[in-house]
Visitor: 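Sharing a structure below in structure tokens format, with a few things to ask.
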Amino acid sequence: GCSSEPAAESATTPTTPTTTTPESAAERLAGRYAHFDVVAYESTEMKTLIISYGFTDLEVTDEGLQATESFCSSEHRSDQPIEVQMSDAATSAIKPVPTLVTLTEAEDGRASFFRPATPTGIGIHLEDPANDPLPTDPNDPRIADDDGDGNPGVTAHITVGDALEGDLFLARREIFAYDVDEQDDGTLTGVVTDNSEQLIVGATNELFLAQAEWVQHPDLTKSPIILVPVDADWDCEKLMAERDELFPPTPEVDW
């Protein structure tokens, strides 16, 4: 009779225990990663590597997996007897906006994702960082002392051999994207594509005022990125203390 209907109905309704639901790739990847990337540039006069250290935080949102980058420190390598030093204050002034990544999953279950470019001004405050052109005038009122050293823009200290050194003041638009693949050990590895732009807004020595045209080396294997899972409480000090355990040795210009 009527009393058996609810029982019959529930018997035909499949109930899947939640414990058997495989974790989604986004959930699996979420967390804090120590971030290492290299961008290889060349100009007519010089070949350069810029090595950056920081964090990538991956978070599952309603829209998908979101990446937030923050930076701690950077190094520079060149094929010329030129040393360039950026302060940690200048490097950490790069604050890209959080952005959704495009996540894909291979047949073997391993994930990959593409983090799109998020143009970010440093040493300059742009209303629309993606579309406003960088100024050509070093006196543009939008140029800002983002590293707090009392000079316009952000400062790079240049040493050429033993005889020449000074400071270069820069306004930049950081434009980078990257593709990474999940590895067996939980790290994410891939390559960076960089289209950053730079304006020299001043220098303590006029020899440094030449506006060089930098382009990324076309072989993207020279611009690797490595993301290594770390605990949520890691900060820049911890990251740099563990640098040699986490990442390969600092590369040199080899082309």
Visitor: Who are the side chain to side chain contact (heavy atoms under 4.5 Å, CB included) partners of Lys238, not counting sequence neighbours?
Guide: Trp234, Asp235, Glu242
Visitor: For the residue pair Asp57 and Thr68, confirm or rule out a side-chain donor-acceptor distance under 3.5 Å.
Guide: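 Checked: Asp57/Thr68 side chains show no N/O donor-acceptor pair below 3.5 Å.
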Visitor: Verify the ring-centre separation between Tyr53 and Phe71: is it less than 6.0 angstrom?
Guide: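 Between Tyr53 and Phe71, which both carry aromatic rings, the centre distance is not below 6.0 Å.
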Visitor: Is it true that Glu245 and Arg243 have a side-chain N and a carboxylate O under 4.0 angstrom from each other?
Guide: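 Answer for the salt bridge query: no.
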Visitor: I want to check something: taking the side chain as every heavy atom from C-beta on, are Tyr33 and Ile226 in contact at a cut-off of under 4.5 Å?
Guide: no
Visitor: So, do Gln66 and Val101 sit near enough that their side-chain heavy atoms are less than 4.5 Å apart?
Guide: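 Gln66 vs Val101: side chains apart.
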Visitor: Roughly how far apart are Leu168 CG and Thr204 OG1, rounded to 0.5 Å?
Guide: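 Separation between the atoms: 8.5 Å.
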Visitor: As an exercise, state the distance from CE of Met86 to CZ of Arg172, rounded to the nearest 0.5 Å.
Guide: 7.0 Å
Visitor: Quick one: pull up CZ in Phe114 and CG in Asp179 and give me the separation to the nearest 0.5 Å.
Guide: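 If we round to the nearest 0.5 Å, Phe114:CZ and Asp179:CG are 6.0 Å apart.
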Visitor: Hydrogens and angles aside, do Thr155 and Asp167 bring a side-chain donor and acceptor to less than 3.5 Å of each other?
Guide: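 The answer is no; no qualifying pair exists.
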Visitor: Quick one: are Val38 and Pro251 in side-chain contact, heavy atoms under 4.5 Å?
Guide: yes
Visitor: Less than 4.5 Å apart, any side-chain heavy atom of Glu83 and any of Gln85?
Guide: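 Heavy-atom side-chain distance check passes, below 4.5 Å.
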Visitor: Should Arg173 and Glu197 count as an ion pair when the cut-off is N to O under 4.0 Å?
Guide: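 Answer for the salt bridge query: yes.
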Visitor: Would you kindly say whether Tyr178 and Glu69 are connected by a side-chain donor-acceptor distance under 3.5 Å?
Guide: yes
Visitor: When you compare the side chain of Gln216 with that of Val39, does any pair of heavy atoms fall below 4.5 Å?
Guide: yes
Visitor: With no hydrogens and no angle check, do the side chains of Thr99 and Thr118 hold a donor and an acceptor under 3.5 Å apart?
Guide: no
Visitor: When you look at CG of Asp233, are more than 12 heavy atoms from neighbouring residues, nucleotides or ligands closer to it than 6.0 Å?
Guide: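 Yes, the 6.0 Å shell around CG holds more than 12 heavy atoms from other groups.
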Visitor: For Asp254, is there an ion pair with Lys222 - N to carboxylate O distance below 4.0 angstrom?
Guide: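 Salt bridge: yes.
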Visitor: Taking all non-hydrogen atoms of both residues, which atom of Val201 and which atom of Ala171 are closest, and how far apart?
Guide: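 Smallest heavy-atom distance, with atoms named: CG1-CB, 4.1 Å.
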Visitor: Would you say the side chain of Pro152 lies within less than 4.5 Å of the side chain of Asp145, judging by non-hydrogen atoms?
Guide: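 When only atoms from C-beta onward are counted, Pro152 and Asp145 do not touch, as no gap falls below 4.5 Å.
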Visitor: Hey, is Lys47 close enough to Glu42 for a salt bridge, meaning N to O under 4.0 Å?
Guide: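 No.
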Visitor: Using distance alone, with no hydrogens and no angle criterion, decide if Thr189 and Gln183 have a side-chain donor and acceptor under 3.5 Å apart.
Guide: yes
Visitor: Atom CG in Asp37, atom CZ in Phe247: separation rounded to 0.5 Å?
Guide: 9.5 Å
Visitor: With distance as the sole criterion, is a donor-acceptor pair present between the side chains of Ser73 and Asp88 under 3.5 Å?
Guide: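 Looking only at side-chain atoms, Asp88 and Ser73 do form a donor-acceptor pair, the distance falling under 3.5 Å.
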